[in-house]
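Take a look at the structure below.
The chain is numbered in sequence order, starting from 1.
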Amino acid sequence: LLLACLNGCSLMLTFFETDDKIAQAQIDGVLAALQEEDSDALKALFSDYTRSGVEDFDRTVEDLFAYYQGKVVSVHDWGMQTSKEREGDMTKKDLYLSYDVTTEDQIYRLAIHYCATNDYAPEQEGICSLYIIKMEEDTDSQRAYRGGHVYAPGIHIGIPDAPLHE
């Protein structure tokens with residue numbers, strides 16, 4: 001019984017470690033693209049579905065470069081929420097990430113919805129949505145930013161978080 005628990009715990013740690021690595025790769029990719037103002041690199045992080053399905057996606061990429069200023073000084077990871085669906089051999093797994101990014105000029109809050117796996121619709125794999133807001137414009141800096149909890153496909157700038165219902 002103890003061996004089964006240890007094996008199960010080890011598998012769980014591997015599962016979360018993998019999610020952490022996936023999440024880190026996404027924020028690293030986004031921040032590198034922002035630093036270099038590399039629109040091709042940023043677009044490549046998004047799912048085919050988002051790139052082709054969002055009206056004026058290219059314009060929102062340029063708007064993001066205009067909004068985001070400064071070089072990264074620090075990143076605070078608020079952690080992630082995960083969602084996993086499985087039906088037979090089909091799996092869908094989403095990660096919901098939240099970060100506060102301090103640059104030389106500003107503090108930004110980012111919320112990223114990343115589809116890690118989608119056997120039902122592979123074109124949806126990649127970043128589905130990225131929300132960004134300046135810290136001073138958000139409604140509650142004491143909790144993770146979730147972009148209003150909408151997670152609509154695309155890049156969304158300056159959307160304050162929706163208040164939690166008590």
Side-chain angles (χ1 to χ4, degrees), residues 15-85 90-139 144-162:
F15 173 78
F16 287 116
E17 180 179 80
T18 301
D19 286 351
D20 288 340
K21 287 180 182 178
I22 292 168
Q24 190 64 51
Q26 298 317 303
I27 191 62
D28 288 348
V30 167
L31 293 177
L34 286 171
Q35 291 294 165
E36 300 299 320
E37 293 192 24
D38 186 340
S39 61
D40 290 335
L42 185 64
K43 290 176 197 177
L45 296 170
F46 282 83
S47 69
D48 292 340
Y49 176 83
T50 299
R51 285 192 311 264
S52 64
V54 172
E55 188 175 330
D56 293 328
F57 182 75
D58 289 344
R59 181 191 50 76
T60 64
V61 169
E62 297 309 315
D63 290 348
L64 177 59
F65 289 136
Y67 185 77
Y68 181 89
Q69 302 296 312
K71 296 207 179 295
V72 174
V73 173
S74 66
V75 178
H76 173 74
D77 181 350
W78 283 91
M80 77 179 92
Q81 296 176 336
T82 60
S83 169
K84 187 171 183 180
E85 301 170 23
M90 304 295 277
T91 302
K92 182 178 188 302
K93 181 176 175 181
D94 294 290
L95 307 179
Y96 300 90
L97 317 171
S98 181
Y99 301 93
D100 290 346
V101 176
T102 302
T103 71
E104 301 160 327
D105 301 328
Q106 189 68 251
I107 301 174
Y108 297 94
R109 310 199 79 201
L110 281 79
I112 299 171
H113 169 204
Y114 177 76
C115 179
T117 306
N118 190 335
D119 294 332
Y120 306 98
E123 70 279 4
Q124 292 182 9
E125 292 177 358
I127 292 178
C128 301
S129 66
L130 185 152
Y131 286 76
I132 185 169
I133 191 168
K134 293 174 183 169
M135 176 72 81
E136 70 222 24
E137 296 172 353
D138 195 21
T139 56
Y145 176 62
R146 299 289 178 201
H149 301 275
V150 177
Y151 297 108
I155 297 171
H156 308 277
I157 300 170
I159 310 270
D161 232 349

Validation row: [X], [Y] side chains within 4.5 angstrom (heavy atoms):
| X | Y | result |
| --- | --- | --- |
| K71 | T103 | no |
| E104 | V73 | yes |
| E125 | D48 | no |
| C128 | C115 | yes |
| L97 | W78 | no |
| I155 | F46 | yes |
| Y108 | K134 | yes |
| Q81 | R146 | yes |

### Task
Describe, in one word, how the ring planes of Y131 and H156 are oriented to each other, choosing from parallel (under 30°), tilted (30 to 60°) and perpendicular (over 60°).
parallel
[atom1]/[X] to [atom2]/[Y] distance, rounded to the nearest 0.5 angstrom?
| X | Y | atom1 | atom2 | value |
| --- | --- | --- | --- | --- |
| E62 | D56 | CD | CG | 12.0 Å |
| I107 | S74 | CD1 | OG | 7.5 Å |
| T60 | E55 | OG1 | CD | 10.5 Å |
| D161 | E137 | CG | CD | 13.5 Å |
| Y96 | S83 | OH | OG | 5.0 Å |
| S52 | E123 | OG | CD | 8.0 Å |

### Task
Starting from the C-alpha separation in whole Å, work towards a yes-or-no answer on side chain to side chain contact (heavy atoms under 4.5 Å, CB included) for I127 and H113.
CA-CA 6 Å; I127 292 178; H113 169 204; over 6 Å; no
### Message
Let's go through D20 and Q24 carefully: what are the C-alpha distance in whole Å and the side-chain angles of both, what is the deciding distance for side chain to side chain contact (heavy atoms under 4.5 Å, CB included) to 0.1 Å, and is it a yes or a no?
### Response
CA-CA 6 Å; D20 288 340; Q24 190 64 51; over 6 Å; no
Which pair of heavy atoms, one from [X] and one from [Y], lies closest together, and at what distance?
| X | Y | result |
| --- | --- | --- |
| I27 | L110 | CD1-CD2, 4.2 Å |
| L31 | V75 | CD1-CG2, 3.7 Å |
| V72 | Q35 | N-OE1, 2.8 Å |
| N118 | A121 | OD1-N, 2.8 Å |
| D100 | R109 | OD1-NE, 2.7 Å |
| T117 | D119 | CG2-OD1, 3.9 Å |

### Task
Decide whether a cation-pi geometry holds between K93 and Y114; the criteria are a distance under 6.0 Å from NZ or CZ to the six-membered ring centre and an angle within 45° of the ring axis.
no
### Message
Would D58 and K43 count as a side chain to side chain contact (heavy atoms under 4.5 Å, CB included) here? Give the steps.
### Response
CA-CA 8 Å; D58 289 344; K43 290 176 197 177; 3.0 Å; yes
### side chain to side chain contact (heavy atoms under 4.5 Å, CB included) assessment of I133 paired with I159
CA-CA 6 Å; I133 191 168; I159 310 270; 5.8 Å; no
### Salt-bridge criterion met for K84 and D94 (N-O under 4.0 Å)
no
Tell me whether the count of non-hydrogen atoms from other residues, nucleotides or ligands lying under 6.0 Å of [atom1] in [X] goes above 12.
| X | atom1 | result |
| --- | --- | --- |
| E36 | CD | no |
| Y49 | OH | no |
| E136 | CD | yes |

### Query
Taking the six-membered ring where the residue is Trp, are the ring centres of Y99 and Y145 under 6.0 Å apart?
no
